[in-house]
Amino acid sequence: MYNKFRIMSKLGALLTLCCFVICGCVTANESNTRTTLHFSQIASLATQATSSPDSSPAPQQTSSPAPPSPVTSPASPFDLVAQKFEDFVKWRRDCGYQPRRCDVGEFTILGTQFSDDFATMMRDYAKNNIYARPGDGERKIIVETISRDETKMTAIVHGCVYDTVVLYMGAGIYDDKVASSLSSWTLQWHNNDWFWSNYQIHKKVYFANLCNT
């Protein structure tokens, strides 16, 4: 009986020990599983952080400022004389076509003697219906030299004129003589522009072309 009790006691102790061992193993396994999961999440987040593109805005690249444009000095007024004279020739031609519409102040200095004389001529042309027709002759001007006076701010264009323009008075011809002349035109710098201020004929002939000599 005693031996049987001892055997049972040993079996109970052994059973208890096994239970502690088994429970301890389960607890240890659960602890290792949680720990492994915890570090696995951190490692996964770390991997995502390093492998995914950075969502933060990239630093802006500051471009170096463009070099300043070279400063060009303003053109001399005398550099504009040739172009201005070409514009004047076209304007004078158009005034001959339509004297009534000639804007004298566009190329002359109003209030000067030369401007007043030219305006009077245009009024007389308009009053007497004197005009030129496009295609009926032309006024060729050959520029030879351009002299300048920086003190007075004047430029003188020297050239030769070959004029075959036919002038009409009403329905009839007023002047159809062919003429050529050695002439000069004075331009005056005024209000930041060039204006026609004088005209001189130094030599004039009819039915001959001085420009070919």
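Index from 1, following the sequence.
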A.B. asks: Do Val178 and Asp163 make a side-chain contact, defined as non-hydrogen atoms from C-beta onward lying under 4.5 Å apart?
C.D. replies: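 With C-beta onward as the side chain, the pair stays apart.
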A.B. asks: For Tyr206, I'd like to know if atom OH has over 12 heavy atoms of other residues, nucleotides or ligands within 6.0 Å.
C.D. replies: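 Counting other residues, nucleotides and ligands, OH of Tyr206 stays at 12 neighbours or fewer.
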A.B. asks: So if you build clusters from Ile, Leu, Val, Met, Phe, Trp, Tyr with side-chain heavy-atom gaps below 4.5 Å, do Phe114 and Trp185 land together?
C.D. replies: yes
A.B. asks: Any link between Phe85 and Tyr162 through a network of hydrophobic side chains (Ile, Leu, Val, Met, Phe, Trp, Tyr) touching at under 4.5 Å?
C.D. replies: no
A.B. asks: Of all residues at least two apart in sequence or in a different chain, which pass the side-chain hydrogen bond (donor to acceptor under 3.5 Å, both in side chains) check with Tyr125?
C.D. replies: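 In terms of side-chain hydrogen bond (donor to acceptor under 3.5 Å, both in side chains), with neighbours along the sequence ignored, Tyr125 is linked to no residue.
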A.B. asks: Which residue pairs pass the side-chain hydrogen bond (donor to acceptor under 3.5 Å, both in side chains) test when at least one of the two sits in residues 106-120, sequence neighbours left out?
C.D. replies: Thr108-Ser115, Gln113-Asp117, Thr120-Arg123
A.B. asks: List the residues meeting ring pair (Phe, Tyr, Trp, His ring centres under 6.0 Å) with His158, not counting sequence neighbours, and say none if there are none.
C.D. replies: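 Ring pair (Phe, Tyr, Trp, His ring centres under 6.0 Å) check on His158 returns nothing, list empty.
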A.B. asks: Can you name the nearest heavy-atom pair linking Phe118 to Arg92, along with the distance?
C.D. replies: CE1-NE, 3.5 Å
A.B. asks: Go through the structure and list residues passing side-chain hydrogen bond (donor to acceptor under 3.5 Å, both in side chains) with Thr154, not counting sequence neighbours.
C.D. replies: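 For Thr154 there are no side-chain hydrogen bond (donor to acceptor under 3.5 Å, both in side chains) partners, ignoring immediate neighbours.
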A.B. asks: Is Ile201 linked to Val143 within one hydrophobic cluster, defined over Ile, Leu, Val, Met, Phe, Trp and Tyr using a side-chain heavy-atom separation of less than 4.5 Å?
C.D. replies: yes
A.B. asks: Any idea which heavy atoms bring Ser180 and Ala208 closest together, and the distance?
C.D. replies: OG-O, 2.7 Å
A.B. asks: If we ignore hydrogens and angles and just use 3.5 Å, is the side chain of Asn128 paired with the main-chain N or O of Asp124 as donor and acceptor?
C.D. replies: yes
A.B. asks: Any donor-acceptor pair under 3.5 Å linking the side-chain atoms of His202 with those of Ser183?
C.D. replies: no
A.B. asks: Let me check something: do Ile146 and Leu187 share a hydrophobic cluster, defined by ILVMFWY side-chain heavy atoms less than 4.5 Å apart, either directly or through other members?
C.D. replies: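 Yes; tracing contacts between hydrophobic side chains, which count when under 4.5 Å, links both residues.
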A.B. asks: With a distance cut-off below 6.0 Å to the six-membered ring centre and an angular limit of 45° from the axis, does Arg133 pair with Tyr168 as a cation-pi contact?
C.D. replies: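 Relative to the ring axis of Tyr168, which defines the angle, Arg133 lies inside both limits.
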A.B. asks: Between Ser184 and Val157, is there a donor-acceptor pair closer than 3.5 Å when you use the side chain of the first and the backbone of the second?
C.D. replies: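 No; zero donor-acceptor contacts below 3.5 Å.
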A.B. asks: For Trp194, enumerate each residue passing the ring pair (Phe, Tyr, Trp, His ring centres under 6.0 Å) test, keeping only those at least two apart in sequence or located in another chain.
C.D. replies: Phe78, Trp189
A.B. asks: In Å and rounded to the nearest 0.5 Å, what is the CG to CD1 distance from Asp149 to Ile156?
C.D. replies: 8.0 Å
A.B. asks: Take Thr164 and Glu138 through the test side chain to side chain contact (heavy atoms under 4.5 Å, CB included) and record every step on the way to the result.
C.D. replies: CA-CA 5 Å; Thr164 61; Glu138 61 180 335; 4.1 Å; yes
A.B. asks: Applying ring pair (Phe, Tyr, Trp, His ring centres under 6.0 Å), name anything that partners Phe107, two or more places apart in sequence or on another chain.
C.D. replies: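 Partners of Phe107 under the ring pair (Phe, Tyr, Trp, His ring centres under 6.0 Å) test: Trp91.
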A.B. asks: Any disulfide bond (SG atoms under 2.5 Å apart) involving residues 160-197? Give me the pairs, sequence neighbours left out, ordered by first then second residue.
C.D. replies: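 Those involving residues 160-197 are Cys160-Cys211.
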A.B. asks: So which pairs with a foot in residues 108-147 pass disulfide bond (SG atoms under 2.5 Å apart), sequence neighbours left out?
C.D. replies: none
A.B. asks: Are Phe207 and Val165 joined in one hydrophobic group, where the rule is that I, L, V, M, F, W and Y side chains link up if heavy atoms are under 4.5 Å apart?
C.D. replies: no
A.B. asks: What residues form a ring pair (Phe, Tyr, Trp, His ring centres under 6.0 Å) with Tyr174, not counting sequence neighbours?
C.D. replies: none
A.B. asks: Give me each pair satisfying salt bridge (charged side-chain N to carboxylate O under 4.0 Å, His left out) with a member in residues 189-206, each pair once, sequence neighbours excluded.
C.D. replies: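 Applying salt bridge (charged side-chain N to carboxylate O under 4.0 Å, His left out) to every pair that reaches into residues 189-206, excluding sequence neighbours, yields Lys84-Asp193.
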A.B. asks: Could you state the interatomic distance from OG1 (Thr186) to CG (Asn198), rounded to the nearest 0.5 Å?
C.D. replies: 4.5 Å
A.B. asks: Rounded to the nearest 0.5 Å, what's the gap from OH on Tyr199 to OG on Ser181? Could you check?
C.D. replies: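 Rounded to the nearest 0.5 Å, the OH-OG separation comes to 4.5 Å.
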A.B. asks: Classify the ring geometry between Phe88 and Trp196 as parallel (under 30°), tilted (30 to 60°) or perpendicular (over 60°).
C.D. replies: tilted
A.B. asks: Using the test side-chain hydrogen bond (donor to acceptor under 3.5 Å, both in side chains), find all partners of Asn129 that sit at least two apart in sequence or belong to another chain.
C.D. replies: none
A.B. asks: For residues 93-101, tabulate all N or O donor-acceptor pairs below 3.5 Å that involve a side-chain atom, not counting sequence neighbours.
C.D. replies:
{"from": "Arg100", "atom 1": "NH2", "to": "Ala126", "atom 2": "O", "distance (Å)": "2.7"}

A.B. asks: Evaluate the side-chain proximity of Val166 to Ile173: yes if any heavy-atom separation is below 4.5 Å, no if none is.
C.D. replies: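 Yes, their side chains come closer than 4.5 Å.
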A.B. asks: For the backbone of Met153 and the side chain of Gln188, can you confirm whether one donor and one acceptor N or O come within less than 3.5 Å of each other?
C.D. replies: yes
A.B. asks: Do Leu182 and Leu210 come close enough that some side-chain heavy atom pair is under 4.5 Å?
C.D. replies: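 Result yes, sub-4.5 Å side-chain heavy-atom pair found.
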